[in-house]
Undergrad: 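Shown below is the structure under consideration.
Each chain gets a letter, A, B and so on, in the order its sequence line appears, and its residues count up from 1. The structure presented is a predicted model; accordingly, all values stated were derived computationally and were not measured.
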Amino acid sequence: MKCFLKYAVVLLVAIFIALPCGYFYAERDIARGSQYLEQTNALSEYETLVEIQYRNADDAHSKDSLLHLVSFMNQLQERQKIVAHRAFANDEGIALMRLALLEEKAGNAKDSQQYIKQTRDVFEREYHKNYSEDFLRKFVAKANLQPEI
Amino acid sequence: MRKWLPISLCMVAGLALGFATGFVIYLNHTIFNNPAMVNIPVRGDAFNRVLESMARLSSDEEIVTSGSKRSSLALNNEEEMLRRLNNVGSAAFSPPIKVAEARLLVRRSFSISQHDPQTDARMQLLLEESGWAIPTPDHMRELIRTIDRNREDICSCDSHTAKESQRK
């Protein structure tokens, strides 16, 4: 009986030592994947809705939804580590260039240039390259030609 | 030696059992916080609520477009998520909820294969409020069909590319 108790105590102590290790190992292993999933899912859903709105709504509503998307992306960048940062930069660039084109269409050249500058900054931060305005215009034109998803 | 062997075995078994239990507890916690699950309260401030609701909306859309048996459950989840997003209010980062609502109405009409005039009127109102150039339910339905077709094409293209690279 005494011997059995001794084994049981050893077993329990070992369980209590290893349990937090297992928990934190799983947290380290799974949490990143879980955050990646949440971030990419939320962003792709947001972008899909804004894309639908951009392609079908008038300029004022399109601009509004794009501004909200950019604000959402900025908040996300402030609060979390961006997991798919290259895709994130491309999407942010597309949203900003679309805003630039809308401002240009509305005759607000100064605001349009401001958005183009912001796009250039986003790409420079990600690709360490200073892209020309012409390249950025072609980039967003290509994105606008993509089929709706 | 004989005395230490059973103790060592107990120690190893305890460590293995404890590690596995800890791992499973965390896994369980993650699974029950999965965006695809039902009735999980969305926590945190306005931004976190938008982030979580959008992630769940995305998962529900995946389920609906895949034609799974859980489609009706996913549609109910979508409705719940939109209600929660509406409660967030007009924050600077709120998504185009009316478009999502119109899409949900289309998905519901697809699932019952008939057009309800009341639903169509609601959809028209949502699209008009969203500033659409063509705010008709027919246009929205066609748009959703096109989006689904494009997604299917991308998926089949992806699986074809994966098979090709496996062959190489």
Undergrad: List the steps and the verdict of side-chain contact (heavy atoms from CB on, under 4.5 Å) for B:Ile25 and A:Leu19.
TA: CA-CA 9 Å; B:Ile25 288 171; A:Leu19 199 137; 4.3 Å; yes
Undergrad: Considering all heavy atoms of both residues, which atom of B:Ile7 and which atom of A:Val10 are nearest to each other, and what is their separation?
TA: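 Heavy atoms only, the tightest pair is O-CG1, 3.8 Å.
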Undergrad: Among A:Met73, A:Glu27, A:Glu45, single out the residue with the greatest number of heavy-atom pairs under 4.5 Å to chain B.
TA: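 The option with the most such pairs is A:Glu45.
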Undergrad: To the nearest 0.5 Å, how far apart are CD in A:Glu47 and OG in B:Ser58?
TA: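 Rounded to the nearest 0.5 Å, the CD-OG separation comes out at 11.0 Å.
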Undergrad: So which residues of residues 113-134 of chain A are in contact with chain B at a heavy-atom cut-off of under 4.5 Å?
TA: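 Answer by number: none.
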Undergrad: For B:Glu128, is it the side chain, the backbone, both, or neither that has a heavy atom closer than 4.5 Å to a heavy atom of chain A?
TA: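 Neither part; nothing is under 4.5 Å.
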Undergrad: Would you kindly confirm whether B:Ile134 and B:Ile144 end up in one hydrophobic cluster when ILVMFWY residues are joined by side chain heavy atoms under 4.5 Å apart?
TA: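 No, it is not one cluster - the side chains of B:Ile134 and B:Ile144 are not joined through contacts under 4.5 Å.
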Undergrad: Linking I/L/V/M/F/W/Y whenever any side-chain heavy atoms sit under 4.5 Å apart, do A:Phe135 and A:Val140 land together?
TA: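 Linked within one cluster.
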Undergrad: Would you check if A:His61 and B:Trp132 make a side-chain contact, meaning some heavy-atom pair closer than 4.5 Å?
TA: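 Not touching, per the 4.5 Å side-chain cut-off.
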Undergrad: Which atom pair, heavy atoms only, marks the closest approach of A:His68 to B:Ser94?
TA: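 Looking at all heavy atoms of both residues, the shortest contact is ND1-O, 2.7 Å.
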Undergrad: Minimum heavy-atom separation for A:Leu11 and B:Gly14, please, with both atom names.
TA: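 That closest heavy-atom pairing would be CD1-N, 3.6 Å.
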Undergrad: Could you tell me the separation between the CG atom of A:Leu49 and the CD atom of B:Glu61, rounded to the nearest 0.5 Å?
TA: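 Answer for the CG-CD pair, A:Leu49 versus B:Glu61, is 8.0 Å.
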Undergrad: Which heavy atom of B:Phe23 sits nearest a heavy atom of A:Ala26, and at what distance?
TA: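 Smallest heavy-atom distance, with atoms named: CD1-CB, 3.5 Å.
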Undergrad: Take B:Met54 and A:Asn41 through the side-chain contact (heavy atoms from CB on, under 4.5 Å) test and state the conclusion after the steps.
TA: CA-CA 7 Å; B:Met54 291 308 284; A:Asn41 274 359; over 6 Å; no
Undergrad: Looking at chain B, which one of A:Tyr23, A:Tyr25, A:Phe16 has the largest number of heavy-atom pairs inside 4.5 Å, strictly under?
TA: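 Highest number of pairs under 4.5 Å: A:Tyr23.
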Undergrad: Check for me, please, whether A:Ile17 and A:Val9 land in the same ILVMFWY cluster - side-chain distances under 4.5 Å, paths through other members count.
TA: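 Cluster IDs for A:Ile17 and A:Val9 match.
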Undergrad: What is the minimum heavy-atom distance between A:Ala14 and B:Met11, and which atoms define it?
TA: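 Smallest interatomic distance, heavy atoms only, reads CB-O, 3.4 Å.
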Undergrad: I need the A:Ser44 OG to B:Leu57 CG distance, nearest 0.5 Å.
TA: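 Going from OG on A:Ser44 over to CG on B:Leu57, the span is 10.0 Å.
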Undergrad: Whether the side chain of A:Tyr46 engages the backbone of B:Phe93 through a donor-acceptor N/O pair (distance < 3.5 Å, no angle test) should be reported.
TA: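 Yes, because the side chain of A:Tyr46 sits within donor-acceptor range (under 3.5 Å) of the backbone of B:Phe93.
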Undergrad: Pull out the residues in residues 76-107 of chain A that come under 4.5 Å of chain B, heavy atom to heavy atom, sorted by number.
TA: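 So far as heavy atoms go, A:Leu76, A:Arg79, A:Gln80 are the residues that approach chain B to under 4.5 Å.
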Undergrad: In terms of the angle between their ring planes, are B:Phe47 and A:Phe72 parallel, tilted or perpendicular, with boundaries placed at 30° and 60°?
TA: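 Because their plane-to-plane angle lies in the 30° to 60° range, the rings of B:Phe47 and A:Phe72 count as tilted.
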Undergrad: Take B:His139 and A:Asn56 through the side-chain contact (heavy atoms from CB on, under 4.5 Å) test and state the conclusion after the steps.
TA: CA-CA 10 Å; B:His139 174 66; A:Asn56 293 281; 3.0 Å; yes
Undergrad: Using side-chain contact (heavy atoms from CB on, under 4.5 Å) as the criterion, point out the one residue from A:Val50, A:Leu69, A:Ile52 that pairs with B:Pro96.
TA: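 Only one option passes, and that is A:Val50.
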